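Take a look at the structure below.
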Protein chains: 2
Amino acid sequence: MVSIKDIASAAKVSISTVSYALNGSDRITKETADRIQSIANELGYVPNRAARMLKKRETMLVGVFLTDFSGHFYGDLLFGLKEELNRRDYDLIVCSGRRSHRMIPERAFDGAIILDATFADEELLGYADRGHKLVVLDRELEHANVNQVLLDNKAGATLAVEHLLGQGLSRICAVGGPESAFDARQRMRAVRQAVERAPEASLEELPGAFDKASGYAAGPRIAEAAREGPVGVFCLNDEMAIGLCDYLRTQTSLQIGRDVHVVGYDNIELAQYMQPRLATIDYSKRKWGALAAEQLLKMIEGEARGAGADLRTVG
Amino acid sequence: MVSIKDIASAAKVSISTVSYALNGSDRITKETADRIQSIANELGYVPNRAARMLKKRETMLVGVFLTDFSGHFYGDLLFGLKEELNRRDYDLIVCSGRRSHRMIPERAFDGAIILDATFADEELLGYADRGHKLVVLDRELEHANVNQVLLDNKAGATLAVEHLLGQGLSRICAVGGPESAFDARQRMRAVRQAVERAPEASLEELPGAFDKASGYAAGPRIAEAAREGPVGVFCLNDEMAIGLCDYLRTQTSLQIGRDVHVVGYDNIELAQYMQPRLATIDYSKRKWGALAAEQLLKMIEGEARGAGADLRTVG
DNA sequence: ACTATCCGTAGAAACGTTTCGATAAACCGT
DNA sequence: ACGGTTTATCGAAACGTTTCTACGGATAGT
């Protein structure tokens with residue numbers, strides 16, 4: 001593999017000159033710089049990322065951690081993230097699985113974005129304590145090295161319940177999320193408040209885990225409730241709503257939109273292709289991603305500047 | 001950040017001893033090794049990935065390149081990939097976008113898996129020429145450093161057409177893929193052959209680009225054809241099939257499954273949630289991913305062994 | 001013309017590992 | 001007790017960069 005050294009000997013200059021030239025330093029005359037540049041191109045030189053990482057102590061890489069690659073949820077989010085990072089000359093890397101967590105302490109990137117239930121809060125705090133920069137998505141975590149990008153879960157869940165109440169439904173079911181999920185707790189709290197505010201509305205809470213299976217599992221209880229008249233169901237995310245619809249359609253003769261009104265949350269791509277189209281709470285995932293990137297870069301570059309890279313002893 | 005050096009001085013041994021101990025070499029006595037190990041744990045030592053990459057000239061990382069993160073297609077594939085790689089102690093990294101291509105020549109990973117239309121064949125061959133190991137998914141590319149993992153597109157497409165013919169449909173439409181896509185060409189060729197084999201079947205080919213929009217765009221022509229009796233449509237992938245169904249449902253009164261029979265390809269997750277469920281050609285994406293991983297590792301590790309890592313002059 | 005200043009380039013150290021070869025101590029058999 | 005072998009540890013070089021400091025030559029000022 002051709003290295004800076006090869007260019008140096010080909011151009012009959014020192015390796016430092018090559019380095020300066022290739023990085024566009026004005027210490028080098030334009031002519032030598034151009035000459036070196038073209039020799040580098042000729043030889044097909046590409047800088048070695050590992051060496052640069054090691055020396056500069058920065059990677060220009062940001063990792064995003066997802067619970068899994070199933071992906072329905074993440075397309076737009078990742079798009080937003082990537083765009084914003086690329087604008088600032090960073091690259092995005094997507095990771096999943098417990099194994100890959102170690103890339104954080106190994107300094108494989110300059111910062112990480114966490115949307116991954118396999119990270120415990122304590123684990124994240126541990127990384128933050130050691131100086132790693134993190135952004136957590138829709139999770140509560142207080143630390144100088146952690147930024148949070150939260151959704152307005154309260155507003156969204158309230159909207160969902162009011163949508164159901166507005167259709168004249170007074171018997172509301174809510175299918176919840178895992179106890180550990182911050183956003184699930186926020187949404188459910190808002191549901192309770194919204195139902196309480198309505199004079200004669202009633203609420204039944206059903207357990208869930210944010211996956212299709214739990215929506216399906218909630219089916220029987222909801223079908224039973226629907227025997228006594230139309231019922232409004234708010235599933236705390238779309239996956240569960242889809243699971244529920246699946247149950248209702250295949251295992252009962254209840255009609256969605258008449259006997260049972262379902263509303264989900266997140267507006268995943270699948271939602272719009274359901275028949276009938278699933279009612280859901282939408283928010284801009286792209287913007288969410290861009291915001292997360294911005295928060296992370298603020299921490300990364302903020303420190304780089306703050307550390308006084310340009311301090312020099314004078315006189 | 002704590003380095004091997006810190007451990008060395010804490011343990012009052014040389015850094016080489018620490019390195020050997022931490023890597024489980026039998027040059028070091030068990031007692032010292034244990035002592036060093038526990039000191040490392042105490043100090044919270046984590047090896048620096050960049051340094052190790054630089055020195056060992058390997059990353060234990062594999063990159064997979066996708067056209068975009070939209071994701072419907074990739075969940076299971078990535079799962080299969082990741083599982084297989086993890087079994088062999090490699091980590092998986094997902095990348096997208098032209099910018100990130102450069103990570104290949106920069107040696108950011110030991111090999112890459114390409115399922116990304118933004119790579120031109122020549123670009124890939126260029127990398128391969130420089131010694132980078134690649135696996136291309138459903139793409140034809142001959143090179144010593146490139147392995148291909150192909151799908152049996154011919155069998156799948158034949159199955160799809162025969163499914164339609166078997167339902168008594170004799171007027172077949174096929175919505176194609178981009179001209180540059182190898183799998184699209186293979187599928188379309190099989191379609192033609194299958195139709196020709198059927199005595200009185202006719203085929204109409206419509207252009208497409210593997211996205212929902214092109215399925216939608218094919219709608220008017222298909223609706224027109226359906227006025228003269230039921231027609232069978234094979235969309236060369238599910239995305240287009242879904243786009244077509246969307247058109248038929250919203251813009252016409254034709255009934256899917258009666259006036260128009262649609263079959264797709266890939267069995268993406270969305271397919272099973274369509275109403276009615278989309279007929280499609282299924283294959284194991286998980287297995288596909290595992291196979292790709294295996295092919296790549298064979299090249300990577302094959303070379304490592306072949307290069308005689310264990311050759312030693314004796315006598 | 002002689003020193004002071006500046007400018008372009010070179011030299012060398014450092015980043016954190018791995019690993020080859022060397023070295024000193026301990027062991028063995030006779 | 002002595003050479004020879006083994007054993008545990010150490011020293012140093014190397015991976016490919018970046019970047020601080022040094023240096024020599026040209027230019028400019030008086």
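Numbers restart at 1 for each chain; the letters A, B, ... are given by sequence-line order, proteins then strands. This is a predicted model, so every value here is computed, not measured.
For the pair Asn23(B) CG and dG16(C) C1', the computed distance is 13 Å after rounding to whole Å. Between the C1' atom of dA14(C) and the NZ atom of Lys56(A) lies a distance of 15 Å, rounded to the nearest Å. Taking atom CD on Glu58(A) and atom P on dG16(C), their separation rounds to 14 Å, with Å as the unit.
Gln37(B) is linked by a side chain to side chain contact (heavy atoms under 4.5 Å, CB included) to Leu22(B), Ala40(B), Asn41(B), counting only residues two or more places apart in sequence or in another chain. In this structure, the salt bridge (charged side-chain N to carboxylate O under 4.0 Å, His left out) partners of Arg87(A), at least two apart in sequence or on a different chain, are Glu84(A). With sequence neighbours left out, the salt bridge (charged side-chain N to carboxylate O under 4.0 Å, His left out) criterion links Asp211(A) to no other residue. Asp121(A) meets the side chain to side chain contact (heavy atoms under 4.5 Å, CB included) test with Arg139(A), Leu141(A); sequence neighbours excluded. In this view, Lys287(A) and Ser284(A) satisfy the side chain to side chain contact (heavy atoms under 4.5 Å, CB included) rule, not counting sequence neighbours. For Arg286(A), the salt bridge (charged side-chain N to carboxylate O under 4.0 Å, His left out) criterion is met by Asp76(A), not counting sequence neighbours. For Ser100(B), the side chain to side chain contact (heavy atoms under 4.5 Å, CB included) criterion is met by Asp91(A), Phe65(B), Cys95(B), Met103(B), not counting sequence neighbours. Contacts of Lys30(B) classified as salt bridge (charged side-chain N to carboxylate O under 4.0 Å, His left out), with partners at least two apart in sequence or in another chain: Asp34(B).
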Subject >> Sugar-phosphate or base contact per nucleotide [nucleotides 4-12 of chain D; S, B, -; heavy atom under 4.0 Å] >> reply: ----SBBBB
Donor-acceptor contacts under 3.5 Å from residues 44-53 of chain B side chains, at least two apart:
unit_1, atom_1, unit_2, atom_2, d
Asn48(B), OD1, Ala50(B), N, 2.8
Asn48(B), OD1, Ala51(B), N, 3.1
Arg49(B), NH1, Glu106(A), OE1, 2.2

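Using a 4.5 Å cut-off on side-chain heavy atoms (C-beta onward), Ile39(A) and Ile36(A) make no contact.
Across residues 46-55 of chain B, Leu54(B), Lys55(B) each have a non-hydrogen atom less than 4.0 Å from an atom of DNA chain D (numbered order).
Applying the 4.0 Å criterion to OP1 and OP2 of dG16(C), one finds that Arg57(A) has a side-chain N or O inside that range.
An angle of 50°, rounded to 10°, separates the two end axes of the helix from dA1(C)-dT30(D) to dT30(C)-dA1(D), each defined over five pairs.
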